[in-house]
Structures are given as C-alpha cells and as structure tokens.
Amino acid sequence: MADDQPKVPPERSVAELRRTVVKLGRRIIEITTKAGSGHPSSSLSALDVMCVLYFGGVMRYDAKRPDHPGRDRFILSKGHGAPGLYAVLAEAGYFDANMLTTLRETSSPVEGHPNMRRLPGVEASTGSLGQGLSIGLGHALAARLEGRDYRVYVMIGDGESDEGQVWEAAMSASKYRVDNLTAILDYNGFQQTGPVETVMPALEPLQAKWEAFGWHTQVVNGHDVEQVATALAGARGARGKPQIIIANTLKGRGLSPFEKDDVNRKHGVALKPDEAEVALAELEAGGGMPVGGR
Ligand SMILES: Cc1ncc(C[n+]2csc(CCOP(=O)(O)OP(=O)(O)O)c2C)c(N)n1
Ligand SMILES: [Mg+2]
C-alpha cells in the first residue's frame, strides 16, 4: 500500500516561493480587512512555512482528491490562523480563490476557524487551542496501523504551547517512537494578551524542553523559505523519533501596522483599509522586516 500515494505537486523555486508568499500575504490582508475581523497577524507569521509545505516540493497531495488515503496531512492547530490556511488551500487548487472573499460571511464555508466538514483540504476542525498535535499523532499512528507511509505535519503556536494537551501529545509521540510526525512551532513571540515571555515565561528553554521530551529539534528563521525547506528535509530524515521545527517568526511578518501595536501585534484584529494599504505596499516592496534573534 505504501506506493498508493499522491505525487508531490511541481516544486516551486525559491524565487517563486517568495512570490507566492507575497501573493497569499496580500490575500490574507485583503480578505480580513474586507471581513472587518479575523487574525491576519497570526496568519502572516505562519505563511512562509505553509507555502514551503504545499508548494516547495514537500507534501504529497492531490487537490482533486482531498480524501486520498495516502496523502500527507497538514493540521493547523492554531486554527485562528485560518485565513492563511485558506489562502494556501485555494492556491493549491482545493477550491476557487474567489471563495476567499466570503471569509466569515454567514453560511460561508470559509469560516472564522477551519471546519473540516465544509472545506476540502481542511484536515481537522481547529480553533480550540491545544488539540492539533494529538489529532496529528492519531493520524501518524493510523498510518502505522494501515501500513501506509504518509507524513503528518502540525503547526502549533507559542502561546498555544501553554496548553497541557500539547505536552501530553509530545510525550505520547515520543513513547511510540512516531517518526512520521513533524510539528512546526510558530514562535512569533506573542499570544492573545501580550508577549509570550510575559504571559508564560517558563516556556523557555523551549528547544531543550522538546529535546527532553525525546523529539528531534531544529530552529530556523521561519521567513526564510530555504532554511525552512532544509529543516523539513532534515525532519524527514530523522528515524525513531518525532520532529519539531521551531520557526522564529514575526507576528504580522514585520509589516509596520502590526508592529505599532507592541502589546499583542493586533491579535485578532483586521487592519483598517488605510492600514491595509500601508501593509500591502510594504509586503510588495520586500515582505516585512527580517527576523531578529530572540
Ligand atoms: C482552548 C482555547 N483557549 C483560548 C483561546 C483563545 N485564543 C485564541 S488565539 C489565542 C492566542 C494564541 O496564541 P499563539 O498560539 O501564540 O498564536 P498566534 O496568534 O501568536 O499565532 C487564544 C488564547 C482558544 N482559541 N482556545
Ligand atoms: Mg504566538
């Protein structure tokens, strides 16, 4: 059954990936501003990683057959980053990009948080934080039981890591030596009410914690698509243990309308039309600021 799998869609070059990030970043800002709500800053920090997964020659999937049993899975555990996931899924061909502009409209399947029953390509209904890694672990173990070799990718948040269930999943994955499970932690430094280091200072030392839980760990600049691609390849090569990539990112991707709010980088706040204009111009001009060290 191992070869009963969709192929990896054509791999985009580094330059094409960077252009894709800008194109989809634009969509995230436009649709949340039109809706007047949503989580653009949380979507933008996670965007480069999702683009590498779907368009950088990593995941095996067939958008025309979203329920293919041999497909690789991606679960956005920080489900409020839904606008980013939707932009990626539409670009991948799961549904028409015109649907994106119905974000958060009554009865639209493009809901505020991903609903697996309503949109193709959504692997798990998330939004209640803390659950995605456990769901991903379930898929990863199911692959073993079924003799399939698909891989499971789960994106978790740094604030989300306050949830105990994340660490339950971390321990269990390690116990079962699950090596077809890769977590990516979107380390953007902010959660709903403030900086992560203020809300939950004991999150650090983060890499050492995951090491101690028995995971293969890597740290990358989450806005450098080459670094992300290399780390994903490294994760694929790890044997006998689950892997995590800690992606240092910027909430709002360094675009100044988000940076001006240094309490929470406009968590759950759409940009006003005039702010969106500024953000879009900066995005087109170079895509925000480089990620500083933490
Ligand atoms: C169980 C649960 N508690 C609280 C919330 C409310 N909430 C939504 S987003 C968020 C902050 C998440 O922060 P982080 O994981 O860092 O995500 P970011 O937006 O920074 O990407 C919180 C507390 C929730 N969705 N689920
Ligand atoms: Mg965060």
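Identified under the side-chain hydrogen bond (donor to acceptor under 3.5 Å, both in side chains) test for residues 115-126, with sequence neighbours left out: R71-E123, E111-N115, E111-R118. Under the ring-ring contact (aromatic ring centres under 6.0 Å, His included) criterion, the residue pairs touching residues 231-270 are H39-H267, H80-H267, with sequence neighbours excluded. Each salt bridge (Lys or Arg N to Asp or Glu O under 4.0 Å) pair with one or both residues in residues 222-236, not counting sequence neighbours, appears once here: R18-E226. Residue pairs satisfying the ring-ring contact (aromatic ring centres under 6.0 Å, His included) criterion with at least one member in residues 96-151, sequence neighbours excluded, are absent.
Linking Ile, Leu, Val, Met, Phe, Trp and Tyr residues whenever their side-chain heavy atoms come within less than 4.5 Å places Y176 and V166 in a single cluster. Note: the hydrophobic cluster containing V278 does not contain L280 (ILVMFWY, side chain heavy atoms under 4.5 Å, direct or indirect links). A single hydrophobic cluster is seen to contain both M116 and M59, as judged by linkage of ILVMFWY side chains at heavy-atom distances under 4.5 Å, directly or through other members. Residues L203 and V199 do not share a hydrophobic cluster, defined by chaining ILVMFWY side chains whose heavy atoms lie under 4.5 Å apart. No continuous path of hydrophobic side-chain contacts links V263 to L250 [ILVMFWY only; heavy atoms under 4.5 Å].
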Report, one line per pair, each donor and acceptor closer than 3.5 Å where one atom sits in a side chain of residues 269-276; sequence neighbours left out.
from	atom 1	to	atom 2	distance (Å)
E275	OE1	K272	N	2.7
E275	OE2	K266	NZ	3.4

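Distance check: M99 CE to L119 CG gives 5.0 Å after rounding to the nearest 0.5 Å. To the nearest 0.5 angstrom, I135 atom CD1 is 6.0 Å from I75 atom CD1. Interatomic distance, Y86 OH to L76 CG, rounded to the nearest 0.5 Å: 9.0 Å. Considering CG of D158 and CG of L206, their distance stands at 8.0 Å, rounded to 0.5 Å. Annotation: the span from S108 atom OG to L103 atom CG amounts to 7.0 Å, rounded to 0.5 Å. Taking CH2 of W215 as the start and OG1 of T182 as the end, the distance is 8.0 Å to the nearest 0.5 Å.
Partners of K260 according to the side-chain hydrogen bond (donor to acceptor under 3.5 Å, both in side chains) rule, which considers only residues two or more places apart in sequence or in another chain, do not exist here. Residues passing the side chain to side chain contact (heavy atoms under 4.5 Å, CB included) test with E16, sequence neighbours excluded: R12, S13, R19. Listed by chain and residue number, K78, D186, N188, T249 satisfy the side chain to side chain contact (heavy atoms under 4.5 Å, CB included) test with S45 (two or more places apart in sequence, or in another chain). Applying the ring pair (Phe, Tyr, Trp, His ring centres under 6.0 Å) criterion to F213, with sequence neighbours excluded, gives W167. Checked against side chain to side chain contact (heavy atoms under 4.5 Å, CB included), P195 has the following partners two or more places apart in sequence or in another chain: F190, E197, T198. With sequence neighbours excluded, no residue forms a side-chain hydrogen bond (donor to acceptor under 3.5 Å, both in side chains) with E277. V8 meets the side chain to side chain contact (heavy atoms under 4.5 Å, CB included) test with R60; sequence neighbours excluded.
The two atoms that bring G157 and L185 nearest to each other are O-CG, 4.3 Å, heavy atoms only. K251 approaches Q191 most closely through the heavy-atom pair NZ-O, 3.7 Å. The heavy-atom pair separating A238 from Q243 by the smallest distance is CB-CG, 3.7 Å. The minimum heavy-atom distance between V154 and S77, with the atom names listed, is CG1-CB, 4.0 Å. Closest heavy-atom contact between L133 and A183: CD1-CB, 4.0 Å. Nearest heavy atom pair, residue M155 against residue E160, reads O-OE1, 4.4 Å.
In this structure, the side chain of R151 engages the main chain of D179 through a donor-acceptor pair within 3.5 Å. For Q227 (side chain) and N221 (main-chain N/O), a donor-acceptor pair under 3.5 Å exists by modelled atom type. Between the side chain of T33 and the main chain of I29, a donor-acceptor pair closer than 3.5 Å is present.
At a threshold of 4.5 Å between non-hydrogen side-chain atoms, the residues Y54 and E91 do not count as touching. When side chains are defined from C-beta on, P242 does not count as touching H216, because their heavy atoms never get closer than 4.5 Å. Side-chain atoms of R26 and E284, non-hydrogen and from C-beta on, do get closer than 4.5 Å to each other. Looking at heavy atoms from C-beta onward, D149 lies in side-chain contact with Q5 at the 4.5 angstrom threshold. You'll find the side chain of L181 reaches within 4.5 Å of the side chain of L137, heavy atoms only. Counting heavy atoms from C-beta outward, D48 and R253 have side chains that approach closer than 4.5 Å. Considering only heavy atoms from C-beta on, V220 stays 4.5 Å or farther from N248 through its side chain.
No salt bridge links E30 with K34; every basic N to acidic carboxylate O contact stays at or beyond 4.0 Å.
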Trace of the side chain to side chain contact (heavy atoms under 4.5 Å, CB included) decision for C51 with L24: CA-CA 9 Å; C51 285; L24 302 189; 3.9 Å; yes
Derivation and outcome, side chain to side chain contact (heavy atoms under 4.5 Å, CB included), residues K23 and V21: CA-CA 6 Å; K23 175 182 174 186; V21 170; over 6 Å; no
Intermediate values then yes/no, side chain to side chain contact (heavy atoms under 4.5 Å, CB included), L129 and I156: CA-CA 9 Å; L129 293 168; I156 62 177; over 6 Å; no
I245 and L232: CA distance, side-chain angles, deciding distance, side chain to side chain contact (heavy atoms under 4.5 Å, CB included) verdict: CA-CA 8 Å; I245 297 169; L232 286 166; 3.6 Å; yes
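Aromatic rings from F74 and Y61 are positioned such that their centres are separated by 6.0 Å or more.
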